[in-house]
There are 2 protein chains.
Amino acid sequence: MKRNTWQREAVRTALSENENFVSAQALHGALKQSGSSIGLATVYRALADLADEGEADSLQQEGEALYRACTPGSHHHHLICRNCGLTVEIEATAVEDWARQVAAQHGFTRAEHVVDVFGLCEACSRLQADPSSS
Amino acid sequence: MKRNTWQREAVRTALSENENFVSAQALHGALKQSGSSIGLATVYRALADLADEGEADSLQQEGEALYRACTPGSHHHHLICRNCGLTVEIEATAVEDWARQVAAQHGFTRAEHVVDVFGLCEACSRLQADPSSS
DNA sequence: AATCGTTTTGACAATCATTCTCGATAACGT
DNA sequence: ACGTTATCGAGAATGATTGTCAAAACGATT
Ligand SMILES: [Zn+2]
Ligand SMILES: [Zn+2]
Ligand SMILES: [Zn+2]
Ligand SMILES: [Zn+2]
């Protein structure tokens, strides 16, 4: 059976304290900073578990996996700022339907999909337009 | 200025000989197999170039980058078989519009998106349903 | 509370894809 | 053909992730 360890709980907590997507390494760093003695491998394992239990969402950016505590049990996608990491959860029934349909039309089964939107959030867009105002 | 080397051409050719997405390593292996003396780093460089010149599409699967020679100049997405790699190019005007809109609604600029659909193609679906028929 | 079988941990090594280094090579404009 | 300079290739370096395995922690059960 699955056991409850303070390590798993620490990862869960640390994750939920971050509004945005974070890497395993970053999370481990933060935990160590705050005095925890948790191991890096444990953070990786805990995040992987959380992800396939549906308690966290994950995505790949620049070759590394990022995780985020997300609204549990709800399938959704993300709008992410390339500059500051600000993340917005977005629902999109239309996209879900489209994905299902296009798969079916080509005879595909067990369809899953990866849908992420990246951009510059409002604040970062302003900064880039007028860097002097920082 | 950019030069034309047989290495670049070899990668381009090898890529277009593959119907499906392939990794840099796999492509390098295939080239070596057929007698080429091209270096691995060169394959990586050539693929990266092809990708941002729009001659190839790329996606991340299981932590590695895969490339495919795609219909040039047309933005599209892919429906990919998780088992055999069969790939179908799909157009999705509705998704393009949706992505643009959802970004704009939240004040995001320079929106880009990652949209891929994975599943089991018709043949692989059959095999999985009745493995004895192989 | 002590015991016991099983799960989880963590330090470290190992793996694996990708990038970097840098001297050698080869394109291309002249 | 010449010189300039982008490109190449072999191997080292990097960086994220996973594997190893003895020690520690769980939790059910006395
Ligand atoms: Zn931002
Ligand atoms: Zn979806
Ligand atoms: Zn298939
Ligand atoms: Zn698109």
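Naming: A, B, ... by sequence-line order, numbering from 1 per chain. Because the structure is a prediction, the values reported are computed rather than measured.
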Whole-Å distance separating the [atom1] atom of [X] from the [atom2] atom of [N]:
X       : N      : atom1 : atom2 : result
B/Arg3  : D/dT4  : CZ    : P     : 13 Å
A/Trp6  : C/dT9  : CH2   : C1'   : 9 Å
B/Leu59 : C/dA17 : CG    : P     : 16 Å
A/Lys2  : C/dT7  : NZ    : C1'   : 13 Å
B/Glu9  : D/dC8  : CD    : P     : 12 Å
B/Ile38 : D/dG9  : CD1   : C1'   : 10 Å
B/Arg45 : D/dA10 : CZ    : P     : 11 Å
A/Leu27 : D/dA16 : CG    : C1'   : 15 Å

So which one's nearest nucleotide on DNA chain C is more toward 5', A/Thr5 or B/Ala24?
-> A/Thr5
Among D/dT17, C/dT8, C/dT18, which nucleotide sits nearest the side chain of A/Leu40?
-> D/dT17
Which nucleotide in D/dT7, D/dG9, D/dA16 has an atom nearest any side-chain atom of B/Gln7 | D/dG9
Respond yes when some side-chain nitrogen or oxygen of A/Tyr44 is under 4.0 Å from OP1 or OP2 of D/dT18, and no when none is.
-> no
Between C/dT9 and A/Arg8, is there an OP1 or OP2 to side-chain N/O distance shorter than 4.0 Å?
-> yes
Is the closest side-chain donor-acceptor distance between [X] and [Y] under 3.5 Å?
X       : Y       : value
A/His76 : A/Glu96 : no
A/Gln25 : A/Tyr44 : yes
B/Glu89 : B/Thr71 : yes

Checking ring pair (Phe, Tyr, Trp, His ring centres under 6.0 Å) for the pair A/His78/A/Phe118: CA distance, chi angles, key distance, verdict?
-> CA-CA 8 Å; A/His78 299 97; A/Phe118 296 90; 9.8 Å; no
Determine the contact category for B/Ser37: base if any of its heavy atoms lies under 4.0 Å from a base atom, sugar-phosphate if only primed atoms, P, OP1 or OP2 are that close, otherwise nothing.
-> sugar-phosphate
Apply ring pair (Phe, Tyr, Trp, His ring centres under 6.0 Å) to B/His75 and B/His113, showing your working.
-> CA-CA 11 Å; B/His75 173 84; B/His113 54 266; 5.1 Å; yes
